Enquirer: 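Below you'll find the structure I mean.
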Amino acid sequence: MPRNFDFAEAEARIYANWEASGYFQPEAAGEAAEPFVVSMPPPNVTGSLHIGHALFTALEDLMIRYERMRGKAALWLPGTDHAGIATQLQVEKQLRDEGTSREAVGYEEFLARTWQYKEEQGGTITRQLRRLGASCDWSRERFTLDDGLSTAVRQAFITLWEQGLIYRGPRLVNWSPGLQTAVSDLEVEMSEEEVTLYTFRYPLENGETLPVATTRPETILGDTALAVHPDDRRYQHLIGRQALVPILERRIPIIADDYVDRDFGSGALKVTPAHDFNDYELAQKHGLALINVLDKDASMNSQAGPYAGLDRYACRERLWRDMQAAGLTVKTEPYLTRIPRSQRGGEVVEPMMSEQWYVRIQPLAEKALAAVRAGQIKIVPQRFEKVYFHWLENIQDWCISRQLWWGHRIPAWYREKDGDPHGEIYVGWDAPRGDGWAMERDVLDTWFSSGLWPFSTLGWPRQTADLARFYPTQVMETGHDILFFWVARMIMMGLWFTDKPPFHTVYLHGLVRAEGGQKFSKTLGNAIDPLTVVDQRGADPLRFSLITSGTPGNDCNLDPTRLDHSFRFVNKVWQMTSFINMNLAGELKLGAPPRAELDLPSRWILSRAQRLIANAQYLFDIHQYGEAGGQILAFMWDEFAPFYLEISKHALYHGTEAQQEATRRVLVAVHDACLRLLHPFMPFVTEEAWRYIPHAGAALIVAEWPSAEAALIDDEAEAQMQLILELVREIRNARGEYKVDPSRRITALAKPSEAMLALAENTQILSRLCNVSHLSLLPADAGDPTNCASIVTGELSVFLPLEGLLDLEAECQRLRGERGKLKAQLERTQKMLDNENFVARAQPAVVQRERDRLRDQQAAMTQIAERLAALCH
RNA sequence: GGGCGAUUAGCUCAAUUGGCAGAGCAUCCGGUUUACACCUGGAAGGUUGUAAGUUCGAGUCUUACAUCGCCCA
C-alpha cells in the first residue's frame, strides 16, 4: 500500500471505475429497490464551478451515496439550465468584441451563435462536477432547452392557456433598459441608497401652488394627477380642482385618496401611473390616464415634449433647471430610499407599461400552500415554511415573457384584426392554418422551464417508465436564496401538472461566504476556487469542509484553515488504513469475534463504534450532516487512532495467534464501519482505503450502510476504559510536570482494589499510552510508598517512583492543586444532590449519574487526602 | 413598517428531547517512541450580546432591549 494517498491519480481512476461499473445508475440496485431521487439544481450551462456549486454537490452527493448504500435505487439526475439572460449577455459580449451586435447579425444567426457557444462551453460545468466526485447518472443528463424539455414547456404553456391561467396584456412591469426586457418582481433587488429628494411647487389652475416632493423629477412629465388625503384639512378646497404639469402645462385632476401619507413632505403626492407601481394602483382606482414618457432604452419619448430624446437622468437635470428658472423649485436634500436595481447587471429598473404574458398564479399557489400546510412537503429547516407561506399568500401574477432571443419561444401566434396587429391570438403546438399569422418573438422566463424540472427531466408529458418509477422525487436540495424563484414554482407546477408534490423534503443550505461575511469575489481576491482546491488537495477535503462547516439554512463564513484540517484528516484516514493493512496476515474472518475472545480495549472500541453508528444514523435522519461528519472524525481521530490502534500494537506484536487474530478482526471491523460512514463525505479516499482492508463486496460505493449492533454495546467496558484513559492522561500530565523524558520508560506501583483489577489485567494500555513499563501491585497491608508521585482518578490510584526527579515540595503543591480542583467539583456535585428538588424532579438517570460522579470524586478525595497527610504537613 | 436569522474562546464554527459549554486555526510549553511531522503529548483561553422570567437545572424555553445580516412591503 502506498505511503501516501495519491489523490490526483486515485480520484480520476476511481471515478472512471464507478461510472464504468454503472453504480451511478439506479438500475444497479435492482428492480425491486425503492427509489431515492434527487433532481440536481441545474447550473447555468455556460457557467463555471464556484463554491456554491461545490456545496450543493457535496450535500446532494452525500445524500445520494448514503441512500445508495442503504440499498435504494438512487438516482441523482443532472442537467444544465439555458439561463436566458445570462447566456444571451455573454454571447452579446462576444459579438461586441467582434465589433458587431445581436441586432446586426440577426435573429437566426444570433441563435446559431448561442447554440455554438453552448456546445463549446456546455461541458465545462459537468466536467467540473465529476471532479468533485458527483455520482449522478450522466446517462440521464438533461438540458432545459433540449427537445424533451421544450416539449414539456410547450405542453405546460398550452395547458395553462387552455385553462385560462395565462393571459396577455398591458401592465406596469419592471423594465430593464439595458437588457431591453421585462423582468419579474423577483429579479429586481431593492437597494437602499442616498439620493436627492426634490421639492417643488406644483402650479394649480387657480394660481396657487402645492408643494410636492419626488426623487425622480423626470416623471413629472408623466403625471396624470395630484393626490391628497381626503381628511387633510389643508387641502379640502383643492379636491376636484385641476393642476398644471410644470413646463408642459397639461391639466391634471387633484384627487383624494387615503393612500396618501399626510405626514410625508407637504402631504400632497404627484401621481405618475405609467412609472410607479403605487401610482398605477391609484390610477386604476380613480380611472386616471396613463402617460408613458419613456422609451425602451429609458430615454424620454415624444410625450416628454421639449425633453424628448434625452436620457432619463439628463432630463432630470434639465427639467429641474428649467423649473428653477420658472421659480417652481423649493429645495433639494439628501434622502435615503430604496432604488430598484436589476439583479443582473445592477442598472436601475424603470416601472414601465408594456404588453406581457402572465400566469394567473393564484390557483397554483393555493395548491402549493396546501401541500406544505398538510405536511406533504417538509422544508428543512422548518422556519422557511413561514417565509414560503408569506410569499405565496401575497403572490402576484407572474410575468413570464422576456424580450430575449435565447430561450423557449412562447407558442403563440398573432394576426391583425381591426388594425390591431395582436387582434387575434392563437396558442398551440404549431402555427395555425391560414395566412397572416406571425409567431410571438418573446421567450419564457427561464424559471418557467426550471419549474417543470423534477418531472420534465423524467420524460413528462410522455408517460415514460422513468416518470412512473422515479416521480415524485424525494429530496430537493438547494439554496434558500431561490426558495421563491425555483422551489415554490416547482411545487406549484408539480402539483398542477402531475397532481403530486414533486418531492417530499426541501433541504435548504445557506450561502458560503468569506471571512467577515464578505461575498466571495474575484475582485476582492478572497475567492476560494473549488477547482484549485481539488487540484491541490483533492475533492475529499473540500467536500468534508463544506459539509462540516455549517448547519442547514444558515449562511457560513468558510474558514480556509478548515480545508487544511480536512486535508490532514484524509491523510489520517489513509495512515490508519496503512497501519491496519501492514499488520494483516493471511485470510481474515470478517466481523467482530465473539465477546469471549475480546479483551477490554476491544470490547470498549466496539461499543464506542456502535454508539457512533447510532449517533450518525440519528443525525442523518434529522439532516444534521455536518455534526455527523464531525462525530465520525472525532471518533476516528480522538479515540480509535490514538487509543485503540496504539493499544492494539501490544496484541499484534506480543500476543498469541488467537489474540492477534481477534485484534485484527476488531481493527478491521471498526475501520470498515468508519470508512462506510465516511464514504458519503469523502468518497475517494474511503473507496481507495477500503481496497486495502479485508472486505466483502465489489466497491465501497455499493457497500451496505452500517447499523448499530446492540449486542456490542458494553457499558462496563466503556466505564472501565474511561477510568483507565483518565489515568493515562493524569500520568502524562505528571510526567510533563516532572519533565520526565517522554521516551523514558518508568514503572508504577498500585495498591490493590476492585477498580485496579481491570487495569492490572491490561497493563499494556499504560505501557503503550504513557510509557509505563510495569505495574506492580503492592501488598494489601503495605503503607504508601515513599518518594513517589501520586496519581488519582476516581477509585484508581497509582504511584510513580520518580527517583531523583521527585521534589517533595513540588509534589505537595501538585497534590494540593489536585485537591483544590477536586474539591470544587465535589462541592458542585454534593450541592446538586443535597438539593431535594433536584433529586425528586430530575430524570432518574441524571440523578444516578451525579451519584456515580460523587462516589468517584469522594474516592479520589480520600486517596489524595491520605497521600497529603502522609507526605506533607 | 412586517418577518426571519445571527450574537458562544483572539478568528471560523459546533453543541441531538433543557442535564459539567466543545472543535479547528492562532497562542504558550514539550516530543521525530517502528501508521502518520499531512505526526504527536500537554497548557492557556468563556459571567454563551444585555436585562428580566419559567425551571431542581437555561447557550438551549418565554418576554423586552441592543447590534449586525437577510427576506418581504
Side-chain angles (χ1 to χ4, degrees), chain A residues 1 3-5 185-186 189-190 277-278 338 381 383-391 393-394 480-481 483-484 510-511 513-517 537 541 545 548-551 553-583 614-615 618-619 621-622 624 626-631 633-634 637-638 641-642 645-646 648-649 653 728-729 731-737 739-745 767-771 824-825 828-829 831-843 845-847 849-850 853:
Chain A
M1 170 173 185
R3 199 173 170 77
N4 283 299
F5 176 53
D185 299 345
L186 284 177
E189 285 173 354
M190 302 306 279
F277 285 96
N278 292 318
R338 295 164 61 85
R383 63 185 147 88
F384 283 101
E385 287 182 4
K386 209 168 164 181
V387 183
Y388 171 90
F389 290 145
H390 183 258
W391 187 69
E393 281 161 1
N394 298 284
H480 66 68
D481 54 326
L483 179 61
F484 305 144
L511 274 43
R513 281 192 299 243
E515 207 171 328
R537 302 290 183 74
S545 296
T548 56
S549 282
T551 42
N554 289 326
D555 296 350
C556 117
N557 302 338
L558 186 65
D559 183 348
T561 66
R562 274 196 178 259
L563 289 169
D564 302 337
H565 187 243
S566 301
F567 177 71
R568 291 194 289 118
F569 182 42
V570 169
N571 175 62
K572 191 75 191 177
V573 171
W574 188 257
Q575 298 304 336
M576 291 168 74
T577 312
S578 172
F579 169 78
I580 294 168
N581 173 269
M582 69 176 55
N583 284 295
N615 262 340
Y618 171 75
L619 292 165
D621 288 346
I622 58 168
Q624 296 283 349
E627 180 64 12
Q631 290 198 12
L633 176 143
W637 212 330
D638 301 334
L645 259 57
E646 272 318 308
S648 76
K649 288 173 184 171
Y653 303 158
V728 164
R729 269 184 284 270
I731 294 176
R732 283 171 172 174
N733 272 337
R735 293 184 63 128
E737 281 179 50
K739 308 231 185 304
V740 180
D741 188 324
S743 62
R744 178 169 160 190
R745 287 177 79 70
S767 167
R768 285 284 159 187
L769 298 184
C770 46
N771 220 1
Q825 290 170 7
R828 182 199 155 273
T829 316
K831 197 177 149 199
M832 275 183 94
L833 288 167
D834 284 347
N835 183 339
E836 284 171 27
N837 277 321
F838 172 71
V839 177
R841 300 192 195 193
Q843 297 161 37
V846 174
V847 177
R849 201 162 59 225
E850 292 303 322
R853 184 172 291 145

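Per chain, numbering begins at 1; letters A, B, ... match sequence-line order. This structure is a prediction, so every number in the text was calculated from the model and none was measured.
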Enquirer: Grab the stems for RNA chain B, please: at least three consecutive Watson-Crick or wobble pairs, both distances below 3.5 Å, written as range with range.
Expert: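 When the pairs of RNA chain B are grouped into runs of at least three, the stems are B:1-7 with B:66-72, B:10-13 with B:22-25, B:27-31 with B:39-43, B:49-53 with B:61-65.
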Enquirer: With rounding to the nearest 0.5 angstrom, report the CG to OG distance, A:Leu633 to A:Ser566.
Expert: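 One gets 8.0 Å once the value is rounded to the nearest 0.5 Å.
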Enquirer: Using the P atom as the reference point in each nucleotide, state the distance between B:G3 and B:C20 in Å, no decimals.
Expert: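 Looking at atom P only, B:G3 and B:C20 are 35 Å apart.
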Enquirer: Taking only residues two or more places apart in sequence or in another chain, which ones pass side chain to side chain contact (heavy atoms under 4.5 Å, CB included) with A:Phe277?
Expert: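 With sequence neighbours excluded, A:Phe277 shows a side chain to side chain contact (heavy atoms under 4.5 Å, CB included) to A:Leu172, A:Asn174, A:Pro351, given in chain and number order.
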Enquirer: Can you tell me how far SG of A:Cys556 sits from CG of A:Leu558, rounded to the nearest 0.5 angstrom?
Expert: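 Interatomic distance, A:Leu558 CG to A:Cys556 SG, rounded to 0.5 Å: 5.5 Å.
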Enquirer: Mind telling me whether A:Trp391 and A:Phe484 have parallel, tilted or perpendicular rings, with 30° and 60° as the class edges?
Expert: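 Aromatic pair A:Phe484/A:Trp391 classed parallel.
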Enquirer: Give the rounded distance in Å between these two atoms: CG of A:Leu511 and P of B:C13.
Expert: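 From A:Leu511 CG to B:C13 P: 13 Å.
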Enquirer: Hey, what are the protein-to-nucleotides 69-73 of chain B N/O distances that come in under 3.5 Å?
Expert:
| from | atom 1 | to | atom 2 | distance (Å) |
| --- | --- | --- | --- | --- |
| B:A73 | N6 | A:Arg338 | NE | 2.9 |
| B:A73 | N6 | A:Arg338 | NH1 | 3.4 |

Enquirer: Could you tell me the separation between the CG atom of A:Asn571 and the CZ atom of A:Phe5, rounded to the nearest 0.5 Å?
Expert: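 Reported to 0.5 Å precision, the distance equals 10.5 Å.
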Enquirer: Once you round to the nearest 0.5 Å, how far does CG of A:Asp564 lie from OG of A:Ser545?
Expert: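 Nearest 0.5 Å value for the CG-OG distance: 8.5 Å.
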Enquirer: To check you understand the geometry: which heavy-atom pair defines the closest contact between A:Tyr653 and A:Asn583, and what is its length?
Expert: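 Smallest heavy-atom distance, with atoms named: CE2-OD1, 3.4 Å.
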Enquirer: Set out, line by line, the N/O atom pairs under 3.5 Å between protein and nucleotides 42-46 of chain B.
Expert:
| from | atom 1 | to | atom 2 | distance (Å) |
| --- | --- | --- | --- | --- |
| B:G42 | O3' | A:Asn733 | OD1 | 2.8 |

Enquirer: Which residues satisfy the salt bridge (charged side-chain N to carboxylate O under 4.0 Å, His left out) test with A:Arg562, sequence neighbours excluded?
Expert: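 Counting only residues at least two positions away or on another chain, A:Arg562 forms no salt bridge (charged side-chain N to carboxylate O under 4.0 Å, His left out).
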Enquirer: My understanding is that only residues two or more places apart in sequence, or in another chain, count here; which of them pass side chain to side chain contact (heavy atoms under 4.5 Å, CB included) with A:Thr577?
Expert: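 Partners of A:Thr577 by the side chain to side chain contact (heavy atoms under 4.5 Å, CB included) criterion, ordered by chain and then number, come out as A:Met1, A:Val573, A:His671, A:Ala689, A:Tyr692, A:Ile693.
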Enquirer: Got a sec, which residues hit side chain to side chain contact (heavy atoms under 4.5 Å, CB included) with A:Asp741, two or more places apart in sequence or on another chain?
Expert: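 For A:Asp741, the residues satisfying side chain to side chain contact (heavy atoms under 4.5 Å, CB included) (neighbours in sequence not counted) are A:Ser743, A:Arg744.
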Enquirer: Report the residues that fulfil salt bridge (charged side-chain N to carboxylate O under 4.0 Å, His left out) with A:Glu189, sequence neighbours left out, ordered by chain and then residue number.
Expert: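 Salt bridge (charged side-chain N to carboxylate O under 4.0 Å, His left out) check on A:Glu189 returns nothing, list empty.
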Enquirer: Could you go through the side-chain contact (heavy atoms from CB on, under 4.5 Å) check for A:Phe579 and A:Lys649 one step at a time?
Expert: CA-CA 10 Å; A:Phe579 169 78; A:Lys649 288 173 184 171; 3.6 Å; yes
Enquirer: In whole Å, measure the gap between the P atoms of B:A26 and B:U12 for me.
Expert: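 Pairwise P distance, B:A26 against B:U12, rounds to 15 Å.
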Enquirer: Hey, does A:Cys556 reach any base, or is it just sugar-phosphate, or nothing, if we go heavy atoms under 4.0 Å?
Expert: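 Counting heavy atoms under 4.0 Å across all strands, the contact made by A:Cys556 is with sugar-phosphate only.
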Enquirer: Could you go through the side-chain contact (heavy atoms from CB on, under 4.5 Å) check for A:Val847 and A:Leu833 one step at a time?
Expert: CA-CA 8 Å; A:Val847 177; A:Leu833 288 167; 4.2 Å; yes
Enquirer: Check this for me: A:Glu836, atom CD, are more than 12 non-hydrogen atoms of other residues, nucleotides or ligands nearer than 6.0 Å?
Expert: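 Atom CD in A:Glu836 is not crowded, with 12 or fewer foreign heavy atoms closer than 6.0 Å.
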Enquirer: Report the distance from atom CZ of A:Phe569 to atom P of B:U40, rounded to the nearest whole Å.
Expert: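 The distance from CZ of A:Phe569 to P of B:U40 comes to 12 Å, rounded to the nearest Å.
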Enquirer: Considering only the P atoms, how many Å lie between B:C39 and B:G49, rounded to the nearest integer?
Expert: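 Going atom to atom, P in each nucleotide, I get 33 Å.
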Enquirer: Quick one: salt bridge (charged side-chain N to carboxylate O under 4.0 Å, His left out) partners of A:Glu850, sequence neighbours excluded?
Expert: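 Salt bridge (charged side-chain N to carboxylate O under 4.0 Å, His left out) check on A:Glu850 returns A:Arg828, A:Arg853.
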Enquirer: By side chain to side chain contact (heavy atoms under 4.5 Å, CB included), which residues pair with A:Asn837, not counting sequence neighbours?
Expert: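 With sequence neighbours excluded, A:Asn837 shows a side chain to side chain contact (heavy atoms under 4.5 Å, CB included) to A:Asn835, A:Arg841, given in chain and number order.
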Enquirer: Each nucleotide in nucleotides 15-24 of chain B should get exactly one letter: B, S or -. Can you fill that in based on protein heavy atoms under 4.0 Å?
Expert: SB--BB---B
Enquirer: Restricting to nitrogen or oxygen on both sides, can you table the protein-nucleotides 29-35 of chain B pairs closer than 3.5 Å?
Expert:
| from | atom 1 | to | atom 2 | distance (Å) |
| --- | --- | --- | --- | --- |
| B:A35 | OP1 | A:Lys649 | NZ | 3.0 |
| B:A35 | OP2 | A:Tyr653 | OH | 3.3 |
| B:A35 | O2' | A:Gln575 | OE1 | 2.6 |
| B:A35 | N6 | A:Ala641 | O | 3.3 |
| B:A35 | N6 | A:Glu646 | OE2 | 3.4 |
| B:A35 | N3 | A:Gln575 | O | 3.3 |

Enquirer: Considering only the P atoms, how many Å lie between B:C70 and B:G31, rounded to the nearest integer?
Expert: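 The answer is 50 Å between these two P atoms.
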Enquirer: Considering only atom C1', compute the distance from B:U48 to B:U7 and round it to an integer number of Å.
Expert: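 Result for the C1' pair: 9 Å, nearest Å.
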